[in-house]
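Remarks on the structure that follows.
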Amino acid sequence: IMSGLLLRYFYLQSQWRRQEQAELRARIESLQARIRPHFLFNSLNAVLGVIRSDPRRAEQALEELSELFRVLMQDNRELVPLSAEIALARQYLDLERLRLGDRLQVRWEIDTCPPDALVPPLMLQPLIENAVYHGIEPLAGAGEVTISLSRRQERVLIDIANPVVE
């Protein structure tokens, strides 16, 4: 019986270690997925493009980029107010506007949105990033991303629309 218990103990220990390693790998992969190199390099190039003509805007863009990466690097397990997610999304869009200029039009529809609603962190920014990446960047001209946040009973509804490129 003692041998069986000892074997069971070692088996559970090895399972626990494998689980811990799998969680660590998942966290690393998640972090890598959050940091999109093309966005970082495009943002830095956009800052370089305006550093002489508008140093104040370049400084502001670097601060926005720093804040965005600070949030991306955090251990994001706690729910955050929707207003914080909206602020982060606006910072992201400011960086993209620096790069895309007038090609990026954004319409916010958030009048019926409860700003104090708690949501998972980094819920909004990646969705908007996809709308910009797949909807605006391929366009030859300008395009509009519409971000609609509303409340329906006890739920927050998110609708993000971008142009369809054929």
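- Heavy atoms only, all atoms of each residue included: Leu124 and Glu85 are closest at N-OE1, 3.2 Å.
- Glu129 and Gln125 form a side-chain donor-acceptor contact under 3.5 Å, judged by distance and modelled atom types alone.
- Minimum interatomic distance between Arg103 and Leu139 (heavy atoms only, all atoms of both residues): NH2-O, 2.7 Å.
- Salt bridge Arg57/Glu64: present, at least one basic N to carboxylate O contact under 4.0 Å.
- A pairwise comparison of heavy atoms in Pro120 and Leu79 identifies N-CD2, 3.6 Å as the closest pair.
- Here the CD1-CD1 distance, from Ile128 to Ile147, works out to 3.5 Å after rounding to the nearest 0.5 Å.
- Partners of Val47 by side chain to side chain contact (heavy atoms under 4.5 Å, CB included), not counting sequence neighbours, listed by chain and number: Ala58, Ala61, Leu62, Leu98.
- Using a 4.5 Å cut-off on side-chain heavy atoms (C-beta onward), Leu122 and Leu88 make contact.
- Side-chain atoms of Met123 and Leu82, non-hydrogen and from C-beta on, do get closer than 4.5 Å to each other.
- Between Arg99 and Asn45 the shortest side-chain heavy-atom distance does not fall below 4.5 Å.
- Residue pairs meeting the salt bridge (Lys or Arg N to Asp or Glu O under 4.0 Å) criterion with at least one member in residues 6-19, sequence neighbours excluded, do not occur.
- Test Arg97, Gln91, Arg90 against Asp94 for side-chain hydrogen bond (donor to acceptor under 3.5 Å, both in side chains) and you get one pass: Arg97.
- Counting only heavy atoms from C-beta outward, the side chains of Leu44 and Leu65 approach each other to under 4.5 Å.
- Here the closest heavy-atom approach between residue Gly143 and residue Pro163 is recorded as CA-CG, 4.1 Å.
- For Ala89 against Trp108, the heavy-atom pair with the smallest separation is CB-CH2, 3.9 Å.
- In this structure, Asn162 and Val132 have side chains that are not in contact, with every pair of non-hydrogen atoms separated by 4.5 Å or more.
- A pairwise comparison of heavy atoms in Val156 and Ala117 identifies CG2-CB, 3.9 Å as the closest pair.
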